[in-house]
Structures are given as C-alpha cells and as structure tokens.
Amino acid sequence: MPELPEVETVRQGLAKWVAGRTIRTVEVHHPRAIRRHLPGDGHFIAMLQGRTVLDVSRRGKYLWLPLDSGDAIVGHLGMSGQLLMQPATAETEKHLRIRFTFTDDGPELRFVDQRTFGGLAVSEGGAELPAEISHIARDPMDPLFDDEAFVARLRGKHTEVKRALLDQTLISGVGNIYADEALWRSGLHGNRATDQLTRPAAKRLLAHVRDVLGEAIVAGGTSFDALYVNVNGESGYFDRALNAYGREGQPCHRCGTAIRREQFMNRSSFSCPRCQPRPRTR
DNA sequence: CGGAGCTCCTGGGAGC
DNA sequence: TGCTCCCAGGAGCTCC
C-alpha cells in the first residue's frame with residue numbers, strides 16, 4: 001500500500017512512541033513476516049531482545065529502526081502491513097504477525113499484515129543504512145536527492161513514464177496513487193516515452209511528484225479504508241485532495257472531462273483524457 | 001544489461 | 001445465503 005506519505009506518517013508516529021525504549025520480548029506469529037530474515041525466527045528474536053531502539057528512519061517506502069547494537073530492524077509494509085502501538089490489554093488482531101513488548105511495560109508494537117507481502121528483518125550493522133535497501137534510490141523528500149541526476153537517468157531510459165515513476169531504483173517512494181496524481185498535475189499520460197520528455201518537462205514532473213508527496217504527508221497520507229492507518233489506527237485525509245486516482249467517471253478538476261480508467265502493468269491507472277492525451281505510439 | 005511479466009497472499013465487494 | 005470473479009497504496013524474481 002502504503003506509499004511514501006503513509007510510511008512517513010507511520011515513521012513519525014513510531015519515532016514518538018518507541019525511540020529510547022528497550023525491547024523486552026519478541027513474538028513471531030507468522031513465518032512469512034520474517035522471510036527476509038534468513039537465519040529464522042529464533043535468531044530474529046535473539047538479536048532484538050534487550051536492545052534499545054534509537055530512532056526510526058525511512059527511505060522511500062522502507063522503514064528501519066536503528067538499535068543500540070548497531071543493527072537495525074528493517075521493514076516494508078507491502079500492500080497491507082500496519083505498525084500499531086497498542087496497550088497490552090488490547091485484543092490480538094486477526095492478522096497479528098509480530099509483537100514487541102518493552103521493558104517499561106508501556107504500549108506494545110504490533111506488526112499486523114493481512115496479505116503478508118510486508119515483513120521485518122534484522123539488518124546486521126544496518127543502523128546507518130541497511131544493506132537490504134541499498135539498491136533503492138533516494139526518495140525525492142531526501143535532502144540529498146539529486147534532481148539533475150534523476151532527470152538525466154529518466155530521460156535516458158527506454159520505457160514509459162509511469163513505469164519509471166514506479167521504479168524504486170530510479171526514484172523511491174512513489175506508488176500507484178501518487179504516480180497518477182503527479183502525472184495528472186503534469187498533464188502527462190503514463191504511457192508517454194521517457195526518452196521523449198524534454199528536460200523542462202522532466203523537471204516539472206519531478207516538482208509535481210515532490211509537491212504531491214509533501215502535501216500528502218501534511219494530510220497524514222491517503223486512507224480509503226481501515227487498512228491504511230497511522231500507529232494509533234487513525235486515517236489520513238489526503239483522499240479528499242485526489243485529482244485522478246479512484247475518480248473514474250468524475251469530472252476532471254481542471255477541465256471537467258470525465259476521468260478515465262485504464263489497465264497498465266496489471267493495475268488501474270486514472271487520468272484525464274483531455275489534459276493527459278494518450279501518446280500516438282507506445 | 002535493461003525491460004516487462006508473473007507471482008507471492010487475504011479478504012471485501014459486486015454480480016449472479 | 002452462497003458461490004465466483006475481480007480488485008487492492010508492492011516489489012522480488014525470472015525470463016527475454
């Protein structure tokens with residue numbers, strides 16, 4: 001699910017609730033939740049019990065929690081993962097995968113994930129930047145993101161612009177919703193060829209990506225249902241500000257034309273037929 | 001090698 | 001009520 005704004009919302013909540021706390025116990029309730037941790041659940045648990053969480057960091061859609069050991073808990077929410085702070089007395093969620101308790105007996109941290117596409121792992125020595133996510137590009141909210149290099153790489157690709165926006169090794173953090181929103185703002189159809197974008201057009205696209213991500217962070221992310229919530233189970237409200245995604249048949253906020261829905265990469269894409277004309281050739 | 005398609009899961013909702 | 005089909009905010013793997 002969660003794209004950069006939703007993950008950032010979770011990061012902010014987690015940092016507030018778990019930074020400085022020491023893990024007492026770890027329970028793994030489903031093996032798929034730690035499938036990226038190859039040594040298995042016994043090792044996962046042993047690496048974490050007694051460790052203090054220093055902070056919560058994020059790159060793109062990945063989170064990591066640096067520990068006082070120099071290791072880190074690295075995680076991805078996948079399509080349906082949630083990190084929730086819960087009192088120990090709260091009922092166990094149906095899809096609870098991992099539970100952390102802390103030595104202060106305060107709220108627990110629970111990883112809940114219906115579809116099990118998400119997961120956590122311990123990254124040895126990964127406190128600074130886990131090796132597991134070194135293949136991921138910086139995200140556009142990162143102060144060290146290189147705009148010029150992005151524009152050059154984007155224009156050097158032989159692919160379609162939406163596919164490129166979803167390529168986490170080119171630019172991280174953008175998913176299906178915010179790709180459609182940035183393309184709508186840019187007046188570009190997702191099937192446009194990246195190597196035919198002018199430099200100014202590519203720079204405008206990046207600016208729109210950054211703007212829409214920033215606005216969504218302020219709104220606490222986009223929530224269509226209870227699957228996408230912050231660490232306290234609360235929904236964001238950026239869905240009210242969407243211009244394209246999920247608006248099939250509704251009037252374009254710029255020109256009034258009905259928003260269309262098309263299949264692309266086996267998923268839905270939403271765009272304005274008038275503001276975002278389909279390219280002649282693919 | 002870069003690019004494109006398939007696959008891993010569960011459950012909600014629509015349609016019959 | 002109950003079945004079947006379609007859909008979902010992702011990304012790693014594998015093929016060409």
Side-chain angles (χ1 to χ4, degrees), chain A residues 1-11 29-38 58-63 74-83 93-97 111-121 131-137 139 153-183 190-191 193-195 209 212-213 215-217 219-230 235-248 261-270 282:
Chain A
M1 96 121 191
E3 305 182 35
L4 187 153
E6 293 76 38
V7 179
E8 173 60 17
T9 299
V10 170
R11 188 200 68 76
H29 292 256
H30 196 300
R32 267 186 64 79
I34 56 153
R35 67 191 179 287
R36 302 274 165 210
H37 189 86
L38 302 180
R58 181 191 55 74
R59 173 174 289 188
K61 305 170 195 173
Y62 280 88
L63 289 170
V74 58
H76 196 290
L77 301 177
M79 290 286 270
S80 56
Q82 303 175 321
L83 285 163
E93 293 81 0
K94 181 176 182 186
H95 301 295
L96 175 68
R97 308 306 186 193
F111 179 63
V112 176
D113 188 11
Q114 176 197 114
R115 296 176 69 185
T116 68
F117 287 175
L120 304 182
E132 290 82 351
I133 61 175
S134 58
H135 65 294
I136 296 294
D139 63 64
R153 281 191 66 200
L154 176 71
R155 297 180 68 231
K157 279 186 159 291
H158 303 287
T159 190
E160 296 151 312
V161 64
K162 180 164 179 181
R163 202 178 278 278
L165 288 179
L166 297 178
D167 179 353
Q168 305 296 301
T169 68
L170 175 66
I171 180 171
S172 67
V174 181
N176 205 33
I177 291 182
Y178 299 107
D180 278 5
E181 292 302 306
L183 289 166
N191 285 345
T194 49
D195 49 10
V209 168
V212 74
L213 293 177
E215 291 166 28
I217 289 170
T222 301
S223 308
F224 296 120
D225 55 48
L227 227 44
Y228 308 106
V229 294
N230 68 15
S235 292
Y237 50 89
F238 192 73
D239 59 309
R240 297 171 204 169
L242 295 176
N243 288 300
Y245 189 87
R247 297 194 64 244
E248 182 183 17
R261 172 184 184 151
E262 298 170 297
Q263 286 301 115
F264 181 63
M265 292 171 73
N266 273 332
R267 54 215 309 197
S268 294
S269 286
F270 299 88
R282 301 192 305 108

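Chain letters run A, B, ... following the sequence lines, proteins first, then strands; residues in each count from 1.
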At under 4.0 Å, does any side-chain N or O of [X] touch on OP1 or OP2 of [N]?
X	N	value
Arg261(A)	dA8(C)	yes
Arg32(A)	dC8(B)	no
His95(A)	dG11(B)	yes
Lys157(A)	dG2(B)	no
Tyr178(A)	dG9(C)	no

Residue [X], side-chain heavy atoms: nucleotide from [options] that is nearest:
X	options	result
Lys94(A)	dG9(C), dG3(B), dG11(B)	dG11(B)
Thr159(A)	dG3(B), dA8(C), dT10(B)	dG3(B)
Phe117(A)	dG10(C), dT10(B), dG9(C)	dG10(C)

(request) Working to the nearest 0.5 Å, report the span between CG of Leu77(A) and OH of Tyr62(A). (result) 11.0 Å
What is the distance from [atom1] of [X] to [atom2] of [N], rounded to the nearest Å?
X	N	atom1	atom2	value
Lys162(A)	dA4(B)	NZ	P	15 Å
Leu165(A)	dG9(C)	CG	C1'	15 Å
Tyr228(A)	dG11(B)	OH	P	14 Å
Glu3(A)	dG10(C)	CD	P	5 Å
Asp167(A)	dG2(B)	CG	P	10 Å

(request) Please determine, for dG3(B), whether a Watson-Crick or G-U wobble partner exists with both distances under 3.5 Å, and give it or none. (result) dC15(C)
(message) Counting only Watson-Crick pairs (N1-N3 plus N6-O4 or O6-N4) and G-U wobbles (N1-O2, O6-N3), all under 3.5 Å, who is the partner of dG9(C)?
(response) none
(message) Counting the atoms with a prime plus P, OP1 and OP2 as sugar-phosphate, which does Arg35(A) contact under 4.0 Å by heavy atoms, base, sugar-phosphate, or nothing?
(response) nothing
(message) Students often get this wrong, so: under 4.0 angstrom with heavy atoms, is Ser268(A) touching a base, only sugar-phosphate, or nothing?
(response) sugar-phosphate
(message) So if I define the base as every atom that isn't primed, P, OP1 or OP2, how would nucleotides 11-16 of chain C read as a B/S/- string at a heavy-atom cutoff under 4.0 Å?
(response) SSS---
(message) Walk me through whether Lys157(A) and Arg163(A) qualify under side-chain contact (heavy atoms from CB on, under 4.5 Å).
(response) CA-CA 10 Å; Lys157(A) 279 186 159 291; Arg163(A) 202 178 278 278; over 6 Å; no
(request) Answer yes or no: is there a side-chain heavy-atom contact under 4.5 Å between Arg58(A) and Leu4(A)? (result) yes
(message) Is the shortest side-chain heavy-atom distance between Tyr178(A) and Leu165(A) below 4.5 Å?
(response) no
(message) Quick check on dG9(C): syn or anti? Syn means the glycosidic torsion is within 90 degrees of zero.
(response) syn
